[in-house]
Engineer: 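Quick one: the structure is below, and I'll ask about it shortly.
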Amino acid sequence: MHRTLITPASRPAPPAAGAPAAGARAPGSSGPGTPASGRVRGPLRTAALFGAGGLLLTGCGSGAAPAPGSPDDLRAALPKAVRTAGVLKIGSYLNYPPVDFKEPGGAPAGLDPELARAIGSALGLRVEFTDMAFEKLIPAVQAKQIDLAMSAVIDTKQRQLGAADDGHQADPGVDFVDYFGSGTSMVVKAGNPLNLASLESLCGRTVAVQRGTVQDELATRQTAACLRTGKALQIHRFESDDQALAEVAAGTAAADLNDYPVAQYNTTQPGGAGTFQLAGTNFLQAGPYGITVAKDNTVLRDVIARALDQVIHSGAYDKILAQWNLHRGAVSSAVVNGGL
């Protein structure tokens, strides 16, 4: 937003739907295994960390009202254009297993596509994915080229406000419907030969990140802190995390910053286990994944929140997380704009 010598061609295929990831134990954005000692051991319901539950709306119609929460009820509350089209157009960077990726036949797979299909079913809509570069997702939502983005996009106040690093208004911002609790982890060479465990420990070294991500922002902010120590932090930015991991494998970069689910996946899958490991057991920065919606499309945002609540309360949400060993990030209800 990973595996052998880290090109898309050499990456082993992610686990098939329903199959546990190699080396996976309970819980974990991936076919990953359990977090290292010192982390939470069971499912973590994170909605309380991010704010109150999702908003409830009332659908309208004539004649006999559809049952509350039914596909007809939710569909009636959708914006007319989406309801008429009968499809949710969703943008995603489909090279980020186990959250978003393509099966060998090209079909979208992973946490986000599975959850999107469940939300679409709750709304009586089909879903249509467009694969695009991560940094283009928010602009595409704002330009109404797609209805939503679902691609491990971390909900932050900065993204909600459309603020640049210096605080000025850079774009209109977006809204989020939060659906999964995640955080930033550091991937290093197996054995952690440089003894890295914190952002401060990266000062004087080079870190690799995927361009346009929260990890890119985090590393950028850290450069100022490192300058005060007299040890400059260099950042290598790439279009894919595969390229960032290749830098770590080659020793060109000391570490790769990534979302915890994907970072753990990269350290437990064949080709990654024995090559990479997580540095430390704590998140460098926590934040929820959010379904990304245009700021002026509050009707769609609130219906998506209602549909997500339906999926959570039906039990389908837990089944999807179990499929990818992602119990740790489970939330108990939809949250609108809960990021910090």
Side-chain angles (χ1 to χ4, degrees), residues 1-4 6 11-17 19-44 46 93 95-101 109-112 114-115 151-154 179-192 196-199 207-210 213-215 218 240-242 244-246 248-249 253-289 320-331:
M1 132 22 322
H2 308 214
R3 285 112 309 248
T4 44
I6 305 282
R11 180 192 319 117
R25 298 162 290 180
S29 230
S30 61
T34 22
S37 59
R39 298 302 301 164
V40 178
R41 291 289 178 181
L44 174 62
T46 54
Y93 174 65
N95 188 28
Y96 205 56
V99 185
D100 313 272
F101 61 93
L111 169 66
D112 286 346
E114 291 295 332
L115 188 56
S151 192
V153 183
I154 293 180
Y179 63 94
F180 183 84
S182 185
T184 294
S185 292
M186 186 188 303
V187 178
V188 298
K189 277 189 173 183
N192 196 3
L196 303 175
S198 65
L199 290 173
V207 65
V209 297
Q210 184 177 342
T213 60
V214 162
Q215 288 77 31
L218 186 62
S240 77
D241 187 56
D242 281 337
L245 279 172
V248 177
D256 169 32
L257 301 183
N258 210 328
D259 292 347
Y260 170 78
V262 178
Q264 182 165 267
Y265 181 90
N266 293 333
T267 62
T268 58
Q269 295 303 293
T275 302
F276 304 111
Q277 74 174 58
L278 296 183
T281 58
N282 296 318
F283 290 157
L284 303 179
Q285 176 175 280
Y289 286 170
I320 292 169
L321 265 60
Q323 182 174 336
W324 303 105
N325 261 347
L326 298 179
H327 310 77
R328 183 183 176 194
V331 299

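Computed from a predicted model, the values in this text were never measured in an experiment. All residue numbers in this chain count up from 1 along the given sequence. Only heavy atoms go into these numbers, but all of them, side chains included; no hydrogens, no water, no symmetry mates.
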Engineer: Could you work out, with side-chain contact (heavy atoms from CB on, under 4.5 Å) as the rule, every residue matching A279, not counting sequence neighbours?
Structural biologist: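 side-chain contact (heavy atoms from CB on, under 4.5 Å) list for A279, sorted by chain: M186, V188, N192.
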Engineer: Compare all side-chain heavy atoms of T184 with those of N258 and state whether any distance is below 4.5 angstrom.
Structural biologist: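 In short, these two side chains do not touch, never coming nearer than 4.5 Å.
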Engineer: List the residues meeting side chain to side chain donor-acceptor pair (under 3.5 Å) with Q277, not counting sequence neighbours, and say none if there are none.
Structural biologist: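 Partners of Q277 by the side chain to side chain donor-acceptor pair (under 3.5 Å) criterion come out as none, since no residue qualifies.
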Engineer: Is there a side-chain contact between S240 and Y93 in this structure, where contact means two heavy atoms from C-beta onward sitting under 4.5 Å apart?
Structural biologist: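 Yes; the side chains approach each other to less than 4.5 Å.
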Engineer: What is the distance from atom OG1 of T213 to atom CD1 of I154, rounded to the nearest 0.5 Å?
Structural biologist: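 It comes to 8.0 Å.
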Engineer: Are side-chain heavy atoms of P288 and F180 found at a separation under 4.5 Å?
Structural biologist: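 No, side chains not in contact.
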Engineer: Output the distance between atom CD (Q285) and atom OG (S182), rounded to the nearest 0.5 Å.
Structural biologist: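 Atom-to-atom, Q285:CD and S182:OG are 10.5 Å apart.
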Engineer: How many angstroms lie between atom CG of L284 and atom CG of L199, to the nearest 0.5 angstrom?
Structural biologist: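 Spacing of CG (L284) from CG (L199) equals 5.0 Å.
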Engineer: Of all heavy-atom pairs between D100 and A152, which one has the smallest distance, and what is that distance?
Structural biologist: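 That closest heavy-atom pairing would be OD2-N, 3.8 Å.
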Engineer: Could you walk me through whether Y289 and D112 pass the side-chain hydrogen bond (donor to acceptor under 3.5 Å, both in side chains) test, one step at a time?
Structural biologist: CA-CA 10 Å; Y289 286 170; D112 286 346; over 6 Å; no
Engineer: Taking side-chain contact (heavy atoms from CB on, under 4.5 Å) as the test, write out the residues that go with A244, two or more places apart.
Structural biologist: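 Only A208, F238, D241, D256 meet the side-chain contact (heavy atoms from CB on, under 4.5 Å) criterion with A244.
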Engineer: Does a side-chain heavy-atom distance below 4.5 Å link L278 with V187?
Structural biologist: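 Answer yes - side chains close enough.
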Engineer: Write down the atom of P97, the atom of Y265, and the distance for their closest heavy-atom approach.
Structural biologist: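 Shortest heavy-atom separation between P97 and Y265 comes out as O-CD2, 3.8 Å.
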Engineer: Taking the ring of F101 and the ring of Y96, is the distance between their centroids below 6.0 Å?
Structural biologist: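 No, the ring centres sit 6.0 Å or more apart.
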Engineer: Flag the pair D259 / Q215 as yes when at least one side-chain heavy-atom distance between them is below 4.5 Å, and no otherwise.
Structural biologist: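 Yes, close enough: below the 4.5 Å cut-off.
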Engineer: For the residue pair F276 and N266, what are the closest heavy atoms and their distance?
Structural biologist: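 That would be CD1-O, 4.0 Å.
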